[in-house]
Amino acid sequence: MNFKKEFNKRVRENIWNKHNQRFIMFFNYALVRLERIDNYYIPNNLLPPNTLEQRIYRLELGYHGIGKPQGIPSKIMSKDSSILNSKDCVNDHLLGATEIGKYIHDKFKKENYNIDWMVKNWLFENLFLWGTVKVTKEEHKSKNILRNSDHTIEQKSNFEHYVNVSQLI
């Protein structure tokens, strides 16, 4: 199963139609701040240590980049989670919040800080980045879903870091 294809098929259109203005507003705000960080704070050595990874990538882009810190439920779930109450389950940010932020930053720099293009063209095509997968609390443990691994976004989209999770449905 490929997460991006499934996310796009199952939920992208509906969630975009409902929330696109909110997504655009938050994403635009995050990019304006990111450009300011790259062009002012970093060159002037004003960014505290680890701020880029721990706050900007993880929090501002990964969790709050589209104003939906809980992520977007993809309607993909593990078979074990499908029979449990929601209190026994977790919506896993499949790609990892920090990795999402880094990915966005790299793309933003490659596009020469073109906020307009990122908001109008790139965001809809990459909405899957904020997608979540429902798994059990046990499956969500780091021994079952690898964290801080060297998996790429493409590998994570193919669930290669899910090492001990029941069948995805």
Side-chain angles (χ1 to χ4, degrees), residues 1-31 33-34 50-107 119 122-169:
M1 174 184 301
N2 178 273
F3 182 74
K4 180 178 179 179
K5 287 179 186 173
E6 285 299 314
F7 177 90
N8 289 348
K9 183 170 72 175
R10 294 178 190 211
V11 299
R12 181 177 68 170
E13 204 69 43
N14 285 339
I15 196 80
W16 181 259
N17 289 338
K18 274 185 178 175
H19 301 288
N20 67 68
Q21 295 296 22
R22 178 182 177 83
F23 295 164
I24 288 168
M25 179 182 66
F26 275 88
F27 193 58
N28 187 75
Y29 170 77
L31 293 179
R33 285 183 44 93
L34 186 58
N50 301 319
T51 298
L52 200 56
E53 294 79 12
Q54 293 175 356
R55 295 193 62 166
I56 308 305
Y57 289 169
R58 186 172 150 266
L59 298 174
E60 290 201 26
L61 293 168
Y63 286 120
H64 298 280
I66 58 170
K68 208 155 176 43
Q70 316 87 337
I72 302 170
S74 66
K75 296 185 181 175
I76 298 170
M77 65 187 74
S78 69
K79 189 172 184 174
D80 289 355
S81 74
S82 70
I83 58 172
L84 295 176
N85 292 324
S86 59
K87 68 178 177 59
D88 298 317
C89 299
V90 174
N91 285 319
D92 177 50
H93 287 79
L94 179 77
L95 303 175
T98 303
E99 186 64 29
I100 292 166
K102 184 178 179 346
Y103 184 80
I104 292 167
H105 193 196
D106 290 345
K107 184 64 176 175
V119 169
W122 186 89
L123 181 58
F124 177 74
E125 293 301 322
N126 291 277
L127 203 56
F128 77 97
L129 293 171
W130 290 275
T132 62
V133 174
K134 182 180 172 190
V135 295
T136 68
K137 286 183 177 179
E138 180 63 30
E139 289 171 327
H140 195 250
K141 291 182 177 177
S142 60
K143 67 181 181 184
N144 299 321
I145 298 176
L146 302 179
R147 298 190 182 36
N148 304 317
S149 64
D150 291 331
H151 289 91
T152 64
I153 290 215
E154 290 76 24
Q155 290 171 318
K156 286 182 174 184
S157 290
N158 290 320
F159 302 93
E160 292 179 28
H161 64 304
Y162 274 41
V163 294
N164 191 22
V165 174
S166 60
Q167 179 186 359
L168 297 171
I169 54 175

Next on the checklist: How long is the straight-line distance from CD1 of Ile76 back to CD1 of Ile169, given to the nearest 0.5 Å?
Outcome noted: 10.5 Å

Next on the checklist: Walk me through whether Lys156 and Thr152 qualify under side-chain contact (heavy atoms from CB on, under 4.5 Å).
Outcome noted: CA-CA 6 Å; Lys156 286 182 174 184; Thr152 64; over 6 Å; no

Item to check | Pairing residues for Glu139 by the salt bridge (Lys or Arg N to Asp or Glu O under 4.0 Å) criterion, not counting sequence neighbours | outcome: none

Item to check | Listed partners of Lys79 passing side-chain hydrogen bond (donor to acceptor under 3.5 Å, both in side chains), at least two apart | outcome: none

Next on the checklist: Run the side-chain contact (heavy atoms from CB on, under 4.5 Å) test on Thr98 and Asn148 for me, step by step, so that the C-alpha distance in whole Å, both residues' side-chain angles and the decisive distance to 0.1 Å come before the verdict.
Outcome noted: CA-CA 9 Å; Thr98 303; Asn148 304 317; over 6 Å; no

Item to check | Straight-line distance of Ser157 OG to Asn2 CG, nearest 0.5 Å | outcome: 5.5 Å

Next on the checklist: Within this structure, what is the CD1-CG distance for the pair Ile104 and Leu129, rounded to the nearest 0.5 Å?
Outcome noted: 6.0 Å

Next on the checklist: For His64 together with Phe26, are the ring centres under 6.0 Å from each other?
Outcome noted: no

Checklist entry - Taking all atoms of both residues into account, what is the closest heavy-atom pair of Met77 and Ser82, and its distance? => result SD-CB, 3.5 Å

Checklist entry - With a cut-off of under 6.0 Å to the ring centre and 45° to the axis, is Arg12 in cation-pi contact with Phe7? => result no

Item to check | Heavy-atom side-chain proximity of Val11 to Pro73 below 4.5 angstrom | outcome: no

Item to check | Beyond-backbone contact of Tyr57 with Ile100, side-chain heavy atoms, under 4.5 angstrom | outcome: no

Item to check | Counterpart residues, salt bridge (Lys or Arg N to Asp or Glu O under 4.0 Å), relative to Asp106 (two or more places apart) | outcome: Lys102

Item to check | Derivation and outcome, side-chain contact (heavy atoms from CB on, under 4.5 Å), residues Tyr103 and Asn126 | outcome: CA-CA 11 Å; Tyr103 184 80; Asn126 291 277; 4.3 Å; yes

Next on the checklist: Within the structure provided, determine whether Lys143 and Glu138 are in side-chain contact (heavy-atom separation under 4.5 Å).
Outcome noted: yes

Checklist entry - With side chains defined as the heavy atoms from C-beta onward, is the minimum distance between Lys18 and Asn14 less than 4.5 Å? => result no

Next on the checklist: Take a 6.0 Å sphere around NZ of Lys68 and say whether it holds more than 12 heavy atoms from other residues, nucleotides or ligands.
Outcome noted: yes

Next on the checklist: In the structure I gave you, are the side-chain heavy atoms of Leu94 and Thr132 within less than 4.5 Å of one another anywhere?
Outcome noted: no

Next on the checklist: For Ile24, is there any backbone N or O sitting under 3.5 Å from a side-chain donor or acceptor partner on Asn28?
Outcome noted: no

Next on the checklist: So Ile153 and Glu99, do their side chains get closer than 4.5 Å, heavy atoms only?
Outcome noted: yes

Checklist entry - Which word best sums up how the rings of His151 and His161 line up, parallel for under 30°, tilted for 30 to 60°, or perpendicular for over 60°? => result tilted

Checklist entry - Hey, which of Asp88, Val165, Thr136 is the one that makes side-chain contact (heavy atoms from CB on, under 4.5 Å) with Asp80? => result Thr136

Checklist entry - Between Arg10 (side chain) and Lys75 (backbone), is there a donor-acceptor pair under 3.5 Å? => result yes

Item to check | salt bridge (charged side-chain N to carboxylate O under 4.0 Å, His left out) between Arg33 and Glu60, worked out | outcome: CA-CA 9 Å; Arg33 285 183 44 93; Glu60 290 201 26; 2.6 Å; yes

Next on the checklist: Counting neighbours of CG on Asp150 that are heavy atoms of other residues, nucleotides or ligands and sit closer than 6.0 Å, is the number greater than 12?
Outcome noted: no

Next on the checklist: Here's a test for you: under ring pair (Phe, Tyr, Trp, His ring centres under 6.0 Å), which of Tyr63, Trp130, Phe3, Phe128 qualifies with His93?
Outcome noted: Tyr63

Checklist entry - Would Val163 and Ile145 satisfy side-chain contact (heavy atoms from CB on, under 4.5 Å), going step by step from the backbone distance to the final call? => result CA-CA 6 Å; Val163 294; Ile145 298 176; over 6 Å; no

Checklist entry - Is the count of non-hydrogen atoms from other residues, nucleotides or ligands lying under 6.0 Å from Arg147 atom CZ greater than 12? => result yes

Checklist entry - Is there a side-chain contact between Asn8 and Lys4 (heavy atoms, below 4.5 Å)? => result yes

Item to check | Ile66 vs Leu123 side-chain heavy atoms within contact, under 4.5 Å | outcome: yes

Item to check | Under 3.5 Å: donor-acceptor pair, side chain of Lys137, backbone of Lys87 | outcome: yes

Next on the checklist: I'd like to know if the side chain of Lys134 reaches the main chain of Asn91, judged simply by a donor and an acceptor atom lying under 3.5 Å from each other, with no hydrogens or angles considered.
Outcome noted: no

Item to check | Expected output: side-chain Asn144 to main-chain His140 donor-acceptor under 3.5 Å | outcome: no

